[in-house]
Undergrad: 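Following this message is one structure expressed as structure tokens.
Order of the sequence lines sets the chain letters (A, B, ...), proteins ahead of strands, with each chain counted from 1. These figures come from a predicted structure and were not determined experimentally. Note: hydrogens, waters and symmetry copies are ignored here, and every other heavy atom, side chains too, is used.
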Amino acid sequence: MLIIYNTLTRRKAKFKPIEAGKVRMYVCGPTVYDSSHLGHARSIVAFDVIRRYLEFKGYNVRYIQNFTDIDDKMIKRAQEQSVPTAELASKYIKEYFDDFDQLFVKRATIYPIATEHISEMIEVIQQLIEKGYAYDVNGSVYFRVAKFKGYGKLSGRRQKDLQQEAETPESSEKERPEDFALWKAMKQGEPFWKSPWGKGRPGWHIECSVMSMKYLGTAIDIHGGGLDLVFPHHTNEVAQAEVLTGKRFVHYWVHNGFLTVNKEKMSKSLGNFFTIREITAKFDPEVVRLFLVSSHYRSPVDFSDQHLEEAKIRLSRIHNSIDILQRKLREARGTESLAPVKPTTADEVLWPALEKLREEFEGAMDDDFNTPIALASLNQFLSRLNSVLAENEVVTAGTLMEISSTLDAYGEVLGLYRQRMKAQETAGLDSSVVEGMIELLIEMRESMRARKDWATSDRIRSRLQELGVIIEDSPTGPIWKWK
RNA sequence: GCCGAGGUGGCAGAGUGGCUAUGCGUCAGCCUGCAGAGCUGAUCUAUCAGGGUUCAAAUCCCUGCCUCGGCUCCA
């Protein structure tokens, strides 16, 4: 049974989709005025894992993630660079896909773009005006916050506090200071769209309400985003959507915790601002991903080179275990006949261990996607597996295959080590000339070693390593693998 | 001021009433020509401080101290 923490109720609750077997999920994507940074990675990877686990559970997930391509930041940056906002947007959308493909993030079902939905937004704004929840002034349209009761239910804010907070002198055209813009009248030199209220552009909050309703319907199961979006963005989304439909907009509000860098908030002024591409130039994307799933998605997470170095070591341990497993599996397949084989004592140790892994891994993920515990259970299992395999006991191919396919499924959920497994599965199956030659060299090295010609055998090993082939001497003879 | 999160071993990071989290680091040992990988064990009865509830608290309650985030730019 899957349990999810809901920001709205501030507690965990059993997950029940609107429609059996299906999940409608919407995640707030970035404003595409600059390269994606580590904070985006934190959020996007968190929701990617959630999506993958839902799919693992057998749900058909419709996953929508938007791109905001029109707002103050877009306009400012475009003006600085003297390019149209659309050009800026397409450049960074392309970058976005490059970055997140690297991080093994699965593509969303649809990536709607704000400026491609202007007419729908205008329609929704008009309906809000008709219902009396919005009003136009000087070509702009504002939402009447005071009229929507329950406005602050998501963020825990009260109307009274909001009014005090929102005292900004220049917004005097609004009826009340807490009202927010649905449509902004054009200023000199800004991009614009025609509307019943004159030339202008949509406000930020309306885009997500409109696009999620267009692609997912009036009620959605999961709406995600960073903790910083709770107020005002998501608060305003709820107001817009629920006034419009009269129905509950989002069933589970899910927010990821923030990322700090060396214990400080990541910001350009502090000089600790990192883009994804800066980090993946230094560390393997898979290392970054392991680092991110090592803490719970709602916890704050602190980024530093030291933490990534640790993740790198942990990842290589996982890879090594997988290499050992896959090699044993290839061996077992090679030696076993097609006839049924009796389980060995090692099998009898591994089956309950695998069962325990399944219970713990899936139990952890069922409990609000607790990836650190899921990883802990994986570590425990791999230790057990290594220790059994290190004793060189006979394990049947059936057991090893079962382990392999379970690990494969969990790797798919976390977005880790799948490529490694695939590479290992095919290794040694099609023996090319190159592989034959490597084996020949290893054979020759073995005869050197038998003659205690350490100089020559070490030279073969180190030269092959330079060429990307790693030789490891094990109790059962040398093994080799590509670097 | 208002809203929220949190303070756990050298470090990272779970646990939310009783039961070894896990990992990294360090140290010792096994294996080994060396290296690598792996294994075994130790560090490891750690939980901000002070009170309270309870047979039992890292976990619940109170008080205090401290850290971090949000408050119409933000994942």
Side-chain angles (χ1 to χ4, degrees), chain A residues 7 10 27-31 33 36-47 68 71-73 76 145 152 155-158 160-162 164-166 168 171 177-181 203-205 224-233 235-236 255-260 263-267 290-291 294-296 298-302 304 306-307 309-314 316-321 323-324 360 364 367 370-380 382-383 385-392 449 452-455 457-458 461-462 465 470-475 478-479 481:
Chain A
T7 308
R10 295 204 193 108
V27 173
C28 286
T31 302
Y33 74 109
S36 296
H37 56 71
L38 284 175
H40 296 118
R42 156 76 154 157
S43 180
I44 298 299
V45 168
F47 290 105
T68 301
D71 81 332
D72 292 344
K73 293 192 299 282
K76 189 170 169 242
V145 165
S155 58
R157 279 168 171 75
R158 289 181 289 265
K160 249 190 272 172
D161 303 328
L162 286 167
Q164 287 173 348
E165 281 170 15
T168 40
S171 54
E178 70 271 25
D179 292 350
F180 62 89
W204 177 35
H205 315 299
L227 205 52
D228 54 333
L229 297 182
V230 174
F231 185 86
H233 187 52
T235 299
N236 292 349
H255 293 97
N256 64 276
F258 254 63
L259 178 129
T260 54
K263 310 266 181 184
E264 286 177 311
K265 184 183 172 167
M266 184 173 73
S267 76
L290 176 61
F291 164 73
S294 294
S295 49
H296 185 81
R298 283 191 282 116
S299 301
V301 61
D302 185 53
S304 70
Q306 200 189 330
H307 296 159
E309 289 293 347
E310 187 187 318
K312 189 176 167 184
I313 290 163
R314 293 200 291 134
S316 75
R317 275 176 55 85
I318 294 171
H319 282 174
N320 285 332
S321 294
D323 291 350
I324 292 168
E360 289 181 357
D367 184 10
N370 199 323
T371 51
I373 293 187
L375 281 170
S377 68
L378 194 65
N379 279 323
Q380 268 180 317
L382 291 177
S383 283
L385 177 69
N386 284 344
S387 107
V388 170
L389 297 182
E391 284 161 25
N392 215 24
R449 291 181 72 217
K452 296 196 193 297
D453 182 355
W454 310 128
S457 53
D458 287 353
R461 184 172 60 191
S462 65
Q465 181 152 8
I470 294 171
I471 299 179
E472 290 173 0
D473 298 319
S474 79
I479 53 176
K481 58 189 177 190

Undergrad: Please determine, for the side chain of A:Ala390, which listed nucleotide (B:rC39, B:rC34, B:rG4) has the closest atom?
TA: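 Among the listed nucleotides, the one closest to the side chain of A:Ala390 is B:rC39.
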Undergrad: Side chain of A:Pro232 only, heavy atoms from C-beta on: which candidate in B:rU72, B:rG33, B:rC73 is closest?
TA: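 Of the candidates, B:rU72 comes closest.
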Undergrad: Measure from the side chain of A:Ala376, starting at C-beta and using heavy atoms only, and say which of B:rA21, B:rC71, B:rG23 lies closest.
TA: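 Nearest listed nucleotide: B:rA21.
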Undergrad: What's the spacing between A:Ser383 OG and A:Arg317 CZ if we round to 0.5 Å?
TA: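 A:Ser383 atom OG to A:Arg317 atom CZ measures 5.5 Å (nearest 0.5 Å).
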Undergrad: Could you work out the separation of B:rG17 and B:rU26 based on their P atoms and round it to a whole Å?
TA: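 Pairwise P distance, B:rG17 against B:rU26, rounds to 37 Å.
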Undergrad: Using a 4.0 Å heavy-atom cut-off across all strands, classify A:Leu38 as base, sugar-phosphate, or nothing.
TA: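 Touches nothing.
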Undergrad: Report which part of the nucleic acid A:Asp458 touches: base, sugar-phosphate, or nothing (heavy-atom distance under 4.0 Å, all strands).
TA: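 Result for A:Asp458 = base.
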Undergrad: Picking from B:rG25, B:rC39, B:rG33, which would you name as closest to the side chain of A:Asp473?
TA: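 It is B:rG33.
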Undergrad: Considering only side-chain heavy atoms of A:Ser457, which listed nucleotide, B:rC74, B:rA21, B:rG33, is closest?
TA: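 Out of B:rC74, B:rA21, B:rG33, the nucleotide with an atom closest to A:Ser457's side chain is B:rG33.
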Undergrad: Taking the six-membered ring for Trp, does A:Trp454 stack with B:rG33 (centroid gap under 5.5 Å, planes within less than 30°)?
TA: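 Check passed, A:Trp454 stacks on base of B:rG33.
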Undergrad: So what does A:Lys452 hit on the nucleic acid, given a heavy-atom distance under 4.0 Å: a base, only sugar-phosphate, or nothing?
TA: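 If one applies the 4.0 Å heavy-atom cut-off, A:Lys452 turns out to touch nothing in the nucleic acid.
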Undergrad: Can you tabulate the close N/O pairs, meaning under 3.5 Å, that link protein atoms to atoms of nucleotides 10-14 of chain B?
TA:
residue	atom	partner	partner atom	Å
B:rA12	OP1	A:Lys263	NZ	3.1
B:rA14	OP1	A:His296	N	2.8
B:rA14	OP1	A:Ser299	OG	3.0
B:rA14	O3'	A:Asn370	ND2	3.4

Undergrad: Would you indicate what A:Gly39 reaches in the nucleic acid, counting non-hydrogen atoms under 4.0 angstrom: base, sugar-phosphate, or nothing?
TA: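 Counting heavy atoms under 4.0 Å across all strands, the contact made by A:Gly39 includes a base.
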Undergrad: So, using salt bridge (Lys or Arg N to Asp or Glu O under 4.0 Å) as the criterion, who are the partners of A:Asp71 when residues are at least two apart?
TA: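 Partners of A:Asp71 under the salt bridge (Lys or Arg N to Asp or Glu O under 4.0 Å) test: A:Lys73.
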Undergrad: Please tell me which of the listed nucleotides, B:rC39, B:rG33, B:rC73, lies nearest to the side chain of A:Arg449?
TA: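 Out of B:rC39, B:rG33, B:rC73, the nucleotide with an atom closest to A:Arg449's side chain is B:rG33.
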Undergrad: What about A:Arg317: does its side chain form a donor-acceptor pair under 3.5 Å with the base of B:rC24?
TA: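 When only heavy-atom distances are counted, A:Arg317 does not reach the base of B:rC24 through any donor-acceptor pair under 3.5 Å.
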Undergrad: In whole angstrom, what separates A:His37's NE2 from B:rC73's C1'?
TA: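 The distance from NE2 of A:His37 to C1' of B:rC73 comes to 11 Å, rounded to the nearest Å.
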